[in-house]
Amino acid sequence: MQHEPQGALPVKDLVSVAHLESDDIRKIFATARTFKAGRGDHSRLLRGKRLGMIFEKESLRTRFTFEIGIQDLGGSAVFLDHRDARLGSRESVMDMAKNLERWVDCIVARTYKHKAVTDFAKHANVPVINGLSDFLHPCQALADFMTLTEKWGDVRGKTLAFVGDGNNTCHSLIHTAAKLGANIRVCTPESYEPNSKVVREAETEASKNGCEVVILNDPREAVDGVDAVYTDVWASMGQEDEREERAAIFADYKVDEELMGLTAGAVFMHCLPAHRGHEVTAAVIDGPNSIVFDIAENRLHVQKAVMALLMTKTPIDTTGVTA
Ligand code: CP
Ligand code: NVA
């Protein structure tokens with residue numbers, strides 16, 4: 001059964017940035033910047049709305065920002081952590097979705113399998129937000145590009161290099177860059193490249209928006225003259241057993257001052273949590289070009305915008321806010 005969108009966005013859910021149009025992303029940013037600037041009183045925008053949070057994996061940023069975000073807008077949240085949220089073990093995701101939709105107005109799911117998020121979205125008659133799956137991390141990429149938009153005014157024509165594992169964060173960054181007209185170079189060891197379907201689809205999108213998606217294996221080539229360098233952990237949640245093996249394979253992909261020196265004075269980005277001395281040196285992440293905490297702050301604003309635009313059609317006045 002096809003469920004209708006309930007808010008001001010043309011989609012019911014935020015499962016993937018690939019499902020949004022460029023203008024939807026710009027609308028999310030303008031709304032987020034309105035909230036961030038404290039323009040207007042939005043403290044009752046989602047009054048009485050309840051958010052159900054189902055997290056199979058750990059979280060600091062995503063949990064805090066969704067819980068605080070819904071409270072800021074007048075709603076409330078119930079959080080179920082990984083001890084109680086072993087999806088599919090006690091009951092199917094479909095049955096969970098059909099229970100939750102009777103109690104809450106929106107679901108945020110953080111899962112191992114991406115299919116668990118798509119199943120929530122398929123079966124729940126309320127908006128479902130992907131709070132990270134093994135395949136995608138859309139809220140992160142939206143906060144990343146909101147932050148770059150604030151720094152640069154416009155991301156069109158700028159170039160971001162992602163150095164590391166072609167993982168969930170990387171996939172959502174590829175989607176978002178291609179939608180917004182930013183060039184993206186992804187540099188991984190062989191066999192750790194991003195999903196080829198994500199790359200193919202983003203290449204088509206990028207060609208419409210006047211930018212490029214380039215996949216490389218040489219970090220020095222990847223960062224040459226770029227405006228932003230991004231990295232993420234080498235072993236994501238669920239890959240803890242591969243940590244040592246990956247540390248050896250990724251050793252040449254560490255973002256250090258020498259690599260940053262090859263860029264055009266690039267900003268440094270990371271979704272966090274970070275491992276200093278592994279994927280990035282302390283000098284870089286704690287240095288003057290690091291914007292990692294600006295991004296973390298914007299998780300709050302961007303997710304408030306996503307919740308508001310998925311849950312209500314109430315117009316939000318963004319006049320005068322550039323995004
Ligand atoms: N970046 C991010 O999603 O952080 P958490 O895992 O702490 O939520
Ligand atoms: N790629 C990381 C992102 C954490 C926010 C992971 O999935 O663990």
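None of the values given here were measured: they were computed from a predicted structure. Atoms within each ligand, like the ligands themselves, are counted from 1 in listed order.
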Exercise. Are the side chain of Glu245 and the backbone N or O of Glu242 linked by a donor-acceptor pair below 3.5 Å?
Worked result: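 Looks like no, no N/O pair under 3.5 Å.
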Exercise. Can you check whether His301's main-chain N or O pairs, donor with acceptor, with Asn298's side chain at less than 3.5 Å?
Worked result: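 No, Asn298 side chain to His301 backbone: no donor-acceptor pair under 3.5 Å.
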Problem set entry | Same cluster (ILVMFWY, side-chain, under 4.5 Å), Phe55 and Leu14 |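 Yes, it is one cluster - the side chains of Phe55 and Leu14 are joined through contacts under 4.5 Å.
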Less than 3.5 Å apart, N/O on ligand 2 and N/O on the protein: could you list those pairs with the distances?
{"unit_1": "ligand 2", "atom_1": "1 (N)", "unit_2": "Asn167", "atom_2": "ND2", "d": "3.3"}
{"unit_1": "ligand 2", "atom_1": "1 (N)", "unit_2": "Asn168", "atom_2": "OD1", "d": "2.9"}
{"unit_1": "ligand 2", "atom_1": "1 (N)", "unit_2": "Asp232", "atom_2": "OD2", "d": "2.7"}
{"unit_1": "ligand 2", "atom_1": "1 (N)", "unit_2": "Ser236", "atom_2": "OG", "d": "2.8"}
{"unit_1": "ligand 2", "atom_1": "7 (O)", "unit_2": "Asn168", "atom_2": "ND2", "d": "2.8"}
{"unit_1": "ligand 2", "atom_1": "7 (O)", "unit_2": "Ser236", "atom_2": "OG", "d": "3.4"}
{"unit_1": "ligand 2", "atom_1": "8 (O)", "unit_2": "Met237", "atom_2": "N", "d": "2.8"}

For this session: May I ask you to decide whether Lys98 forms a salt bridge with Asp95, counting only side-chain N to carboxylate O separations under 4.0 Å?
Result: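 Here Lys98 does not pair with Asp95 in a salt bridge, since their nearest N and O are not under 4.0 Å apart.
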Problem set entry | Charged N-O contact under 4.0 Å between Lys27 and Glu21 |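 A salt bridge is absent here (no side-chain N lies under 4.0 Å from a carboxylate O).
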Exercise. Taking any residue with a non-hydrogen atom under 4.0 angstrom from an atom of ligand 1, which ones do you get?
Worked result: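 The 4.0 Å shell around ligand 1 contains Ser59, Leu60, Arg61, Thr62, Arg110, His137, Gln140, Cys271, Leu272, Arg299.
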Problem set entry | Asn217 and Tyr253: CA distance, side-chain angles, deciding distance, side chain to side chain contact (heavy atoms under 4.5 Å, CB included) verdict | CA-CA 9 Å; Asn217 300 116; Tyr253 292 77; 4.2 Å; yes
Exercise. Quick one: are Met94 and Asp119 in side-chain contact, heavy atoms under 4.5 Å?
Worked result: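 Of all side-chain heavy-atom pairs linking Asp119 with Met94, none is under 4.5 Å.
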Exercise. Is any side-chain heavy atom of Phe145 less than 4.5 Å from a side-chain heavy atom of Leu160?
Worked result: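 Contact flag for Phe145/Leu160 side chains = yes.
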For this session: Compute the centroid of each ring, for Phe250 and then for Tyr192, and state whether the two points are separated by less than 6.0 Å.
Result: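 Distance test on ring centres: under 6.0 Å, yes.
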